[in-house]
Amino acid sequence: MACKTCSTSSDMAFNPSIALFVYGTLKRGFANYNRYLRMAEHNGKARYLSTASTMNPYPMVVRPADPAINSSGAPQLLDDPGQGFHVEGEVFLIDHDTFHAMDILEGVHRGRYCRRTIAVQLSEPRGEIREQECVTYFFAAADESTRSLPPRAAYTMEHNLNYLLKPINEEIAALCRGDASAPEISLPLLEGSLSKLRCNSGSSLASVSTASSSGSRARLDSDDVEVF
């Protein structure tokens, strides 16, 4: 089932302050944070902002790790607002290259996951709550067996310990290190908000001009795809 409002990185501009909401293996101390996002932080391409939770409830499910059914044990966020829980996660500010790296990580261009903007509540140091629009990734290939799993509010360290690691994707790592650059995109982006860039699946934004990137996009098999 496709997400309701999906886009690809060729449809969006990039900015050093793109807000990204992560809810699984990219949270601090978890598997893919340690492999990718921490590297981006170290190289000044990402910055941790705050813990957060989704304004709307969503069903987030975790299939047990099982290589026989191609399940790594990572969480899958389903695009069914109003069901499930207010999902807990973290917000990072990321740059153009890291944003493209996340698209590769999630298999966006193959339709495995789709990206859209949601509202989250940030936890401020003095206990205040602030609303922020963030990019996050929804599982677009959910079937009935996925939807029958119990929803969870949080992906825990216990889940992470059962996660099946796959080989590091060197294209993603190079983008996070700054050794490679994502395709250029020219479109002004208002800092702190991506809502004007949302579009229906298959549509495009007329004002976006993109450089050719046919040689730079990863073609990953389904068992190579990680999730947040």
Side-chain angles (χ1 to χ4, degrees), residues 1-12 14 18-27 30-33 35-37 40 46 54 56 58-63 65 69-81 83-84 87 89-92 94 97-118 120 133-147 149 151-152 155 159-160 163-166 168-169 171-172 175-176 182 194 197-204 213 216-228:
M1 178 179 176
C3 295
K4 297 174 178 62
T5 50
C6 300
S7 54
T8 65
S9 57
S10 63
D11 291 327
M12 301 190 67
F14 296 87
I18 297 167
L20 175 72
F21 175 73
V22 302
Y23 51 83
T25 65
L26 280 167
K27 294 192 297 185
F30 286 58
N32 283 323
Y33 170 84
R35 300 204 294 175
Y36 300 120
L37 203 46
T54 60
N56 286 325
Y58 293 96
M60 181 184 69
V61 301
V62 181
R63 286 192 295 175
I69 60 171
N70 193 31
S71 173
S72 64
Q76 296 167 336
L77 188 64
L78 307 183
D79 192 12
D80 293 321
Q83 302 183 38
V87 177
E90 297 175 349
V91 174
F92 288 83
I94 62 174
D97 296 334
T98 306
F99 196 21
H100 189 63
M102 298 300 100
D103 273 5
I104 297 171
L105 190 67
E106 299 299 342
V108 168
H109 298 294
R110 298 185 307 102
R112 182 76 172 169
Y113 284 80
C114 75
R115 162 168 43 77
R116 74 176 183 88
T117 304
I118 64 168
V120 304
E133 284 192 329
C134 296
V135 172
T136 199
Y137 290 81
F138 287 87
F139 188 56
D143 55 19
E144 289 306 313
S145 64
T146 303
R147 295 181 181 281
L149 294 169
R152 302 177 183 275
Y155 184 75
H159 292 127
N160 184 69
Y163 176 74
L164 298 180
L165 285 171
K166 297 180 177 68
I168 289 178
N169 182 303
E171 182 178 9
I172 297 172
L175 287 162
C176 292
L194 298 173
L197 300 177
R198 291 174 61 179
C199 60
N200 294 326
S201 179
S203 67
S204 62
S213 60
S216 65
R217 289 179 181 172
R219 295 298 181 222
L220 303 179
D221 296 328
S222 59
D223 60 350
D224 290 325
V225 176
E226 309 282 4
V227 291
F228 286 178

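Starting from 1, each residue takes its place in the sequence as its number.
- In plain terms, the two heavy atoms of Gly24 and Pro75 that are nearest each other are CA-CG, 3.6 Å.
- Scanning all heavy atoms of the two residues, the minimum distance from Asn169 to Tyr36 falls at N-OH, 2.8 Å.
- With rounding to the nearest 0.5 Å, the separation of CG in Leu77 from CZ in Arg152 is 14.0 Å.
- By the 4.5 Å heavy-atom criterion applied to side chains, Thr146 and Val61 are counted as neighbours.
- In plain terms, the two heavy atoms of Ala182 and Leu175 that are nearest each other are N-CD2, 3.7 Å.
- To the nearest 0.5 Å, the span separating OG on Ser145 from CZ on Arg63 amounts to 6.5 Å.
- For the pair Asp79 and Arg116, the minimum side-chain heavy-atom distance is below 4.5 Å.
- Between Tyr155 and His159, the ring planes are parallel. Angles under 30° get that label, and only those over 60° would be called perpendicular.
- The shortest non-hydrogen separation linking Pro59 to Pro151 is CA-CB, 4.1 Å.
- Residues Thr98 and Leu37 share a closest heavy-atom pair of CG2-CD1, 4.1 Å.
- Across every non-hydrogen atom of Ala31 and Asn160, the tightest pair is N-OD1, 3.1 Å.
- Side-chain N or O atoms of Tyr23 include one that pairs as donor or acceptor with a backbone N or O of Tyr137 at under 3.5 Å.
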